[in-house]
Enquirer: 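Here it is: the structure, laid out below.
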Amino acid sequence: MVDSSGNTQTTQTDAIDSSPRKSSWKYIGPGIVVAATGVGAGDLVATLIAGSSFGYTLLWAAIIGCLVKISLAEAAGRWHLSTGRTLFDGWASLGRWTTWFFVGYVVIWGFVYGAAAMSSSALPLQALFPDVMDLEWWGVACGLVGLVFVWFNKYAVFEKVMTVLVGVMFVVTVYLAIRVTPNLGDAFAGLLPVLPDEKDSVLNTLGLIGGVGGTITLAAYGYWVNAKGWTNTGWMKVMRLDNRVAYATTGIFVVAMLFVGAELLHSANVAIASGDKGLLQLSDILEAEYGTATAKFFLIGFFATSFTSLIGVWHGVSLMFADFVERYRKGDETRGEEIATGSRERGLPFRLYLLWLTFPPIVLLFQGQPFRLIIIYGVLGAAFLPFLAGTLLWLLNSARTPAQWRNGALSNTMLVIAGLLFLILCVKQIWDQPWSEFF
């Protein structure tokens, strides 16, 4: 059922009826949202650098990374559908420590990420329209557009816009992959699990597996599933199809950019910078190699990639924050069940977190990012995915989940692999921080 606002709503009959729905492409949506949000400009750069450094050697690692993300998102969605509770409600049942971690994460991470997302979205716009305004003001404009767009929380409209932007990303990346004429023989050889013969090859490989498409928005998947109107186990098959299609699309993005890195950069021994500015360098290389039109086409795809991450975080993490605040403000443990019915979130906490993501980070756009805060941000960011994998393992193997929907051997194996992978990357991230300069 769809209300006048365009959101999918669940009637009382729908909530009771948990008979299995037939898997159909027409239902697909939340998976596209979570995949598009998780793949940002930095992920594309990481894949490009992997291709430029190692050619096709790590193609297998990129594909395994997508499989790991499928397992995490599926687990989050399965928790929501099988229990009728939100993921934060599940975390709260594990002890107060989960709440403290979540609060510290969303406050500090949101502050720094807001500036990073606005800056990333601004870079391609300034490159496309260099004489209009400075980078910082493009960033402010992107943040305000994202704020207004998400403010009214019309999920159906949000999903459609995200789908259109994903379509742009898909067309651009696939076009570039075809344009550089990949060596298919070498690409197929890259499916064999072989490590590059280079220093730190194991950590580089683990970084590629864990780095693409993985953020707090994997945890937001269940909230988008509920917002779509999927509220019980009858939607389980649909959710799983949705999730697999979404991360298959992510896999295509990743493979396409690895092709570009391998053919355009590796073969010419060209290095690009890490971070979003590496994509601007790629734009210059594309212009020199294929002309202005191809470079501008790529910049449009760059913007679509960055802006989907911006509005996806603005929406998904605000839903999670609202769930946290309302649950503890009212002292009502049924709060998670209310959200899991697919009700539209329009409360003050949802909008306050949107404002937090938008306005305080504007200061960072103009003054630079404070050193100590960036270190804490890096540590919290690295710790979140091990936290997510570990808590999902706990929740989905306990009596908190109905027996029929608890983890099987495959789910447990994938979540253990994900947890260990992200724990190693977390330790490395913490180890690499310049702690001597922090104190």
Side-chain angles (χ1 to χ4, degrees), residues 2-9 25-41 43-44 73 113-114 116-125 128-129 138-174 213 215-218 220-230 242-243 245-247 249-250 252-253 297-320 322 342 344-346 350-351 353-355 357-358:
V2 180
D3 70 5
S4 58
S5 68
N7 280 354
T8 303
Q9 295 295 318
W25 293 80
K26 69 180 180 181
Y27 293 125
I28 289 172
I32 295 295
V33 171
V34 72
T37 304
V39 178
D43 300 310
L44 296 187
Y113 180 84
M118 287 187 274
S119 177
S120 179
S121 299
L123 280 169
L125 290 176
L128 285 166
F129 310 104
W138 275 118
V140 172
C142 289
L144 292 177
V145 169
L147 171 69
V148 173
F149 176 68
V150 175
W151 185 265
F152 301 100
N153 192 16
K154 295 184 177 182
Y155 177 78
V157 177
F158 169 71
E159 184 187 286
K160 286 183 174 62
V161 171
M162 290 288 277
T163 302
V164 170
L165 291 172
V166 167
V168 173
M169 292 165 58
F170 186 89
V171 170
V172 170
T173 54
V174 171
T215 67
I216 189 176
T217 51
L218 286 165
Y221 179 56
Y223 290 82
W224 284 320
V225 163
N226 291 154
K228 179 75 170 178
W230 305 348
D242 173 72
N243 180 41
V245 170
Y247 275 95
T249 305
T250 299
I252 293 173
F253 294 153
F297 189 51
F298 168 72
L299 288 172
I300 293 170
F302 178 2
F303 172 74
T305 301
S306 297
F307 197 64
T308 52
S309 293
L310 187 152
I311 59 176
V313 166
W314 264 227
H315 188 268
V317 184
S318 295
L319 287 176
M320 297 179 70
R344 180 179 167 193
E345 178 59 67
R346 287 178 288 184
F350 175 81
R351 290 174 172 169
Y353 193 72
L354 277 174
L355 295 172
L357 283 168
T358 306

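Below, each value reflects all heavy atoms present in this structure, side chains not excepted, and no hydrogens, waters or symmetry copies. It should be emphasised that the depicted structure is a prediction, and the values quoted were computed from it without experimental measurement.
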Enquirer: What pairs with V140 under side-chain contact (heavy atoms from CB on, under 4.5 Å), at least two apart in sequence or on another chain?
Expert: W137, L144, I362, L365, F366

Enquirer: Taking the side chain as every heavy atom from C-beta outward, state whether V172 and F302 have any atom pair closer than 4.5 Å.
Expert: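 Counting from C-beta outward, V172 and F302 never come under 4.5 Å.
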
Enquirer: First locate atom CG of N243, then atom CD1 of I28, and finally report the distance between them rounded to the nearest 0.5 Å.
Expert: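 That separation rounds to 10.5 Å.
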
Enquirer: Check the angle between the aromatic planes of Y155 and H315 and answer parallel, tilted or perpendicular using the 30° and 60° thresholds.
Expert: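 Geometry flag for H315 against Y155: tilted rings.
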
Enquirer: Relative to each other, are the rings of F303 and F307 parallel, tilted or perpendicular (30° and 60° limits)?
Expert: parallel

Enquirer: Can you list the residues that meet the side-chain contact (heavy atoms from CB on, under 4.5 Å) rule with T308, with sequence neighbours excluded?
Expert: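 Testing T308 for side-chain contact (heavy atoms from CB on, under 4.5 Å), a comparison that skips the adjacent residues, returns A36, M162, L165, M169.
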
Enquirer: Name all residues meeting the ring-ring contact (aromatic ring centres under 6.0 Å, His included) criterion together with F253; count only those two or more places apart in sequence or in a different chain, and write none if there are none.
Expert: none

Enquirer: Who passes side-chain contact (heavy atoms from CB on, under 4.5 Å) against V174, sequence neighbours left out?
Expert: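 Partners of V174 by the side-chain contact (heavy atoms from CB on, under 4.5 Å) criterion, ordered by chain and then number, come out as F170, I178, I252.
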
Enquirer: Kindly write out the residues that satisfy side chain to side chain donor-acceptor pair (under 3.5 Å) with S306, not counting sequence neighbours, or none if the list is empty.
Expert: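 Side chain to side chain donor-acceptor pair (under 3.5 Å) list for S306, sorted by chain: S120.
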
Enquirer: Can a donor-acceptor pair be found, under 3.5 Å and without considering hydrogens, that links the side chain of T37 to the backbone of S309?
Expert: no

Enquirer: Report the distance from atom CH2 of W224 to atom OG1 of T217, rounding to the nearest 0.5 Å.
Expert: 5.5 Å

Enquirer: Which atom pair, heavy atoms only, marks the closest approach of P30 to K228?
Expert: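 Looking at all heavy atoms of both residues, the closest pair is CG-CB, 3.8 Å.
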
Enquirer: Nearest 0.5 Å, please: how far is CZ in R351 from CZ in F152?
Expert: 6.5 Å

Enquirer: Assess whether side-chain contact (heavy atoms from CB on, under 4.5 Å) is satisfied between F149 and V157, documenting all intermediate values.
Expert: CA-CA 9 Å; F149 176 68; V157 177; 4.1 Å; yes

Enquirer: Please find the pair of heavy atoms, one from T250 and one from A35, that lie closest to each other, and give the distance.
Expert: OG1-CB, 3.2 Å

Enquirer: Examine the side chains of D242 and Y221 and answer whether a donor and an acceptor come within less than 3.5 Å of each other.
Expert: yes

Enquirer: How about C142 and L125: do any of their side-chain heavy atoms sit closer than 4.5 Å?
Expert: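 SC-SC contact between C142 and L125 confirmed.
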
Enquirer: Tell me, please, which residues at least two apart from W314 pass side chain to side chain donor-acceptor pair (under 3.5 Å).
Expert: T358

Enquirer: Find the distance between OG1 (T305) and CG (L310) and round it off to the nearest 0.5 Å.
Expert: 13.0 Å

Enquirer: Determine the minimum heavy-atom distance between V171 and F297, stating which atoms define it.
Expert: CG1-CZ, 3.8 Å

Enquirer: Less than 4.5 Å apart, any side-chain heavy atom of Y247 and any of V34?
Expert: yes

